[in-house]
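Take a look at the structure set out below.
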Amino acid sequence: GDKGDFEEAIERKAGTRARQSFESFKSEILRSGGLAEVSAYIPPMALRGGNIFDGFRSIFRYLLKFLTIGTKGLLLTGPFTKTMDTYGMDDPFVRKWFDYLAFALSGVDASNTQGAPIAYMMSDLHRPGSVLDYPMGGMESLVNALVTGLCKNGGSLRLNNRVEKFLLEVDDEAASTTSVKCVGVELSDGSRIRCRKGVVSNAPLWNYARILQDSVGNCQGSEEIQQVVNKVQKQADGMSMTRSFMHLHLGIPKDGLPED
């Protein structure tokens, strides 16, 4: 908001100079015609795919505003560190704060996050009357609620239990050509957990392929298992790691789901 609570928190943590540096930078970003304002000139919903004429019609009403962006477009599309350098933001504490804000938005620091989303967030966080919502009991309360839901439904959460191997078997009853199934995992302490339905892995493809290779070992039907694992390894070898990514949020129909 605009009541100065955030600035007071900065001063308590990092001193008067850090507060003054932030206030000066904030004023520059939030001024009329500043970076925060121009970052919202074209609403995301106006940027449509499909027919080029429909897309042009959608953004035509914002054309004049778009033309006034001028050289600020380079700051909006460049890394936010360029914006901080341009406006003289040199306080190390405040720059680290923007690294945190960038990470919260995109998963990487300010040097790898475009200026537009952070400038927009500056407006969202510091416009008059705005507040930053925070869960009662802190972030731990959210984690505890998730763990409670997991345990309530018969699950358990195991921390510091690294998965070393997948337990792989040939599935003789499979109708598809991929006749290998994962029936559990082996942890770093040597213990094994067998699954009832399946194993869900959120490991990156490259780590996933490595664990699969380590899992073949002396499995029964290891030749067939190795063939399937090699296909995954080929996918991993052919995929390049990029510096960009996408958050995809999906909604599913609630039909058939229990009320609780």
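Counting from 1, the numbers follow the sequence of the chain as shown. All of these numbers come straight from a predicted model, not from anything done at the bench.
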- Task: Quick one: sort the F98 and F80 rings into parallel, tilted or perpendicular, breaks at 30° and 60°.
- Result: tilted

- Measure the acute angle between the ring planes of W97 and F6, then classify it against the limits of 30° and 60° as parallel, tilted or perpendicular. tilted

- Message: Please find the pair of heavy atoms, one from V163 and one from I211, that lie closest to each other, and give the distance.
- Response: O-CD1, 4.3 Å

- Message: Looking at D85 and R95, is there a salt bridge between them, counting it only when a charged N and a carboxylate O are closer than 4.0 Å?
- Response: yes

- Task: Indicate yes or no: does R17 engage D90 in a salt bridge with an N to O separation below 4.0 Å.
- Result: yes

Heavy-atom donor-acceptor pair, [X] side chain to [Y] backbone, under 3.5 Å:
X    : Y    : answer
S191 : L187 : no
S24  : Q20  : no
Q213 : A209 : no

Are the side chains of [X] and [Y] in touch, meaning some heavy atoms are under 4.5 Å apart?
X    : Y    : answer
L35  : M122 : no
L167 : V185 : no
S123 : L30  : yes
L146 : V143 : no
Q114 : L76  : no

- Task: Please lay out, stage by stage, how T83 and I29 fare under the test side chain to side chain contact (heavy atoms under 4.5 Å, CB included).
- Result: CA-CA 9 Å; T83 298; I29 297 296; 3.8 Å; yes

- Message: Please determine whether side chain to side chain contact (heavy atoms under 4.5 Å, CB included) holds for the pair D91 and F22, giving the CA-CA distance in whole Å, both sets of side-chain angles, and the decisive distance to 0.1 Å.
- Response: CA-CA 8 Å; D91 184 83; F22 176 79; over 6 Å; no

- Message: Applying ring-ring contact (aromatic ring centres under 6.0 Å, His included), can you list everything that pairs with Y87, at least two apart in sequence or on another chain?
- Response: none

- With sequence neighbours left out, which residue pairs that include part of residues 137-146 fulfil the side chain to side chain donor-acceptor pair (under 3.5 Å) condition? none

- Message: Which residues end up grouped with Y120 if you chain together Ile, Leu, Val, Met, Phe, Trp and Tyr wherever their side-chain heavy atoms are less than 4.5 Å apart?
- Response: none

- With distance as the sole criterion, is a donor-acceptor pair present between the side chains of E11 and T16 under 3.5 Å? yes

- Supply the atom-to-atom distance D214 CG to E186 CD, rounded to the nearest 0.5 angstrom. 10.5 Å

